[in-house]
Amino acid sequence: MSFRRDYLSKPIFSWARGVLPTMSDTEREALEAGDVWWDADLFTGNPDWSKLLAFAPAKLTDEENAFLHGPVDELCAMLDEWKINWEWRDLPPEVWAFIKAKKFFGMIIPKEFGGLGFSPYAHSEVVRKISSRSLTAAVTVMVPNSLGPGELLMRFGTREQQDKWLPRLAAGQDIPCFGLTSPEAGSDAASMIDTGIICKGNFEGREVLGLRLNWHKRYITLGPVATLLGLAFKAYDPDHLVGSEDELGITVALIPTHLPGVSIGHRHLPAMQVFQNGPNWGKDVFIPLDYIIGGQERLGQGWKMLMTALAAGRGISLPSLSAAGAAYAARTTGAYARIREQFGISISKFEGIEEPLARIAGTAYLLDAARRLTCAALNEGHHPAVISGIMKLHATERMRIAIDDAMDIHGGKAVIDGPQNYLGGLYRSVPVGITVEGANILTRNLIVFGQGAIRAHPYLLQEMNALSEPDRDKGLTAFDTAFWKHVGHSFATMFRACGRSWSFGLFAPAPDAGDATEFYRQLSRYSSAFALCADMALLTLGGALKRKEMLSARFGDILSELYLLSAALKRWQDEGRQKEDLPALEWCMASGFKTIENRFAEILANLPNRPVAWLLKFLIQPFGARVTGPSDRIVHLCAQLVLSPSAARDRLTPDLAFVEDDGGIARLEKAFRLVAAAEDAAKQLRAARLHDWQEAVKKGVITQDDGEKLAAAHEAVTKVIEVDDFAPEALSPIYKKSADVHQFFQELGEQRAAS
């Protein structure tokens, strides 16, 4: 018998069991899905930086690299996003055929089943590159390789199911989709009303035990063209044909869309994007039990299966698209700002332009750093659920900011639509990424910290499991061990956080990382402060913290910044500490530190237990939030990264699909190069107060060659600045009644006057 257990831990255990909020099955399964990785280190308050820096960066194999610069480049050359969106309203048949033939739908399927067997990083790189050319094509490729029948079959399918379906999916014989979202449920998948009743029925001429399904799904990407539907529904066994339970829980099954009772609806038009998306229904659709993914033994395990698959998928597709969007915005907006003149000078010289331009460049650096680090973890077999949530949330949100900034700098060039507008489609697509795979509001307010606090905390999950243990004596013993370790951890964290905060991180641990060493110290400081505040919030609020969504969101923001900034430091290290890239890293750090300190201040101002809030303020933020963000010097230097042709610009925006045609991007890149090449001649012209290059040549101010460079640059810039216009009858069918538009309106006016 232990004195500590029976006289100290026991009353705490009894009290905690009484106040512990009940956890639904879906919540528990979501918590058990995936695993933890670097997020667990951050939650300790004392991250081991050597562990992060020693982690192998993600790399492509020779085969993957050949695919990226072979079939992917070929596909990108076939794509014309203006025609796809505004003329064809779909990918053309030859593109669909190419995607199937080159096994884009089977990138993640192992080679033994006819797939390409690519790594998560290769999957990410392919999606990223295609995204910089066509969102429609990128979404079409990403969905079969993310959450869907292929991923679920690989993880949970029976061998017979894998042998039957995976080769067909890899070869493009079947087009997959996954039906999860119901009109009544939305993000709350546990509330779906789609049902599967276990019963006997006829299937392919024989009587078998199976499920009679009824469902209504919407927002299903690839749904209108899918031949194989992965379906989530709630299974019931009212006649107890497989067991004693009536309600078996969420289940996932494979539904060939040709089965009787399956109805494929018309297409949705998501934010004017034309990737295939639409609703579907099932009315008394009968399938045998062996159509359940994983077979009968997986009845009721669908939610856990989905959450496990999503733990990886959310960290790849949308973050890759978002990183591509930010890099694309950085490259195009930097080029446009350089070549566009107002008041006789390049708009890139204005500080008002430099600020958003630096934000775009810094965001591009940060998102690609986080994408690479997350893919490296996935390559090693981790399935970090919390980090995947962070990536989906912050990648799409920051892409939104970067694209908004790009639109502001481009002005009318990006507002007027047409084949030469290389930003409008991307701008319209942003809400799609924000909404799908879990709405960002939900992810920020409930998931990142709510799930992270339990999964990544060193002891909290152990304590919760002990409290919910049916065997009270066994639970008390486990709780006693975990609780007192937690207490010791909390005291150590408190002293660590206080010392690092009062010394401004001077003695916080950091590797020898050259110019970045101080950044590691600050992250160590913030990590310990975060761990302490999280513990105190959990102690004083308990289960009520789940309902304090604004507090939870602020804690989630801090955890997210810690991860994203860790990724930026890792990128800086892996790329050889490139001195030219330091302004981007400095911008990321200053912006992230500002967010962290502001969130701490907001938490301390709103924590319900005021004495604890005052104590925490004294310990971790005695002088208030002091970081004000990037200095003007850093903003200027960061903006310069995308304003001139350089290796730094190429590292910031690598492997984007710039097809050499006469489209908007090709024109922009050409003008950018020509303006940069003619810069010295332009300076000489301005110094001589001349505007005509031919006159300058006559006066000997510049050479004939320099003059021709200026002329070529001017012509190229004029083409870039041009925007599209359309004949009235090309935009509206009402004008086709009259070849003379003016006559049409005159006749219309006469008709109105007469009436």
Exercise. Does I108 reach the side chain of E151, with side-chain heavy atoms less than 4.5 Å apart?
Worked result: yes
For this session: Mind telling me whether F203 and Y291 have parallel, tilted or perpendicular rings, with 30° and 60° as the class edges?
Result: perpendicular
Problem set entry | Nearest-0.5 Å distance, CZ of residue R89 to CE of residue M272 | 5.0 Å
Problem set entry | Ring center gap for F118 and F104 short of 6.0 angstrom | no
Problem set entry | Side-chain H-bond candidate by donor/acceptor type, R314 with T443, under 3.5 Å | yes
Problem set entry | Check: P224 main-chain N/O paired with R267 side-chain donor or acceptor under 3.5 Å | no
For this session: Would you check if E64 and L116 make a side-chain contact, meaning some heavy-atom pair closer than 4.5 Å?
Result: no
Exercise. More than 12 non-hydrogen atoms from neighbouring residues, nucleotides or ligands closer than 6.0 Å to CZ on F286, yes or no?
Worked result: yes
Exercise. So, K164 and D290, do they make that salt bridge, N to O below 4.0 Å?
Worked result: no
Problem set entry | Sub-4.5 Å side-chain heavy-atom contact between M107 and M142 | no
Problem set entry | Heavy-atom side-chain proximity of D90 to V274 below 4.5 angstrom | no
Problem set entry | Presence of salt bridge, R398 and E561, under 4.0 angstrom | yes
Exercise. Taking everything shown except I193 itself, do over 12 heavy atoms lie less than 6.0 Å from its CD1?
Worked result: no
Exercise. Side-chain contact, heavy-atom cut-off 4.5 Å: P319 with T374?
Worked result: no
For this session: Kindly say whether T140 contributes a backbone atom to a donor-acceptor pair with the side chain of Q276 at under 3.5 angstrom?
Result: no
Exercise. So, do I447 and L393 sit near enough that their side-chain heavy atoms are less than 4.5 Å apart?
Worked result: no
Exercise. Hey, does the side chain of N421 reach the backbone of I416 with a donor-acceptor pair shorter than 3.5 angstrom?
Worked result: yes
Seminar exercise, completed: With sequence neighbours left out, the residues meeting ring pair (Phe, Tyr, Trp, His ring centres under 6.0 Å) with W96 are none
Exercise. With a 4.0 Å cut-off, would you call D368 and R372 a salt bridge?
Worked result: yes
Exercise. Would you call R128 and D655 a salt bridge, using N to O less than 4.0 angstrom?
Worked result: no
Problem set entry | Side-chain heavy atoms of V436 within contact of Y219, under 4.5 Å | no
Exercise. Between CG of L652 and CD1 of I360, what distance do you get to the nearest 0.5 Å?
Worked result: 11.0 Å
Problem set entry | Atom pair CG (L559) and CG (D39), whose distance is rounded to the nearest 0.5 Å | 7.0 Å
Exercise. Looking at CD of E125 and CZ of F67, how far apart are the two atoms once the value is rounded to the nearest 0.5 Å?
Worked result: 13.0 Å
For this session: Report yes if the side chains of R571 and P57 come closer than 4.5 Å at any heavy-atom pair, otherwise no.
Result: no
Exercise. Does K217 use its side chain to pair, donor to acceptor, with the backbone of G278 at less than 3.5 Å?
Worked result: no
For this session: Tell me yes or no: between the side chains of N277 and T221, is some donor less than 3.5 Å from an acceptor?
Result: yes
For this session: Taking R133 for its side chain and A657 for its backbone only, find out whether a donor-acceptor pair lies under 3.5 Å.
Result: no
Exercise. Side chains of T195 and N214: is there a donor and an acceptor less than 3.5 Å apart?
Worked result: no
Problem set entry | Heavy-atom donor-acceptor pair, Y328 side chain to Y422 backbone, under 3.5 Å | yes
Problem set entry | Residues T396 and N440: side-chain donor-acceptor under 3.5 angstrom | yes
Exercise. Any chance the side chains of N280 and W215 put a donor and an acceptor closer than 3.5 Å?
Worked result: yes
Exercise. Are there more than 12 heavy atoms of other residues, nucleotides or ligands under 6.0 Å from atom CZ of F113?
Worked result: yes
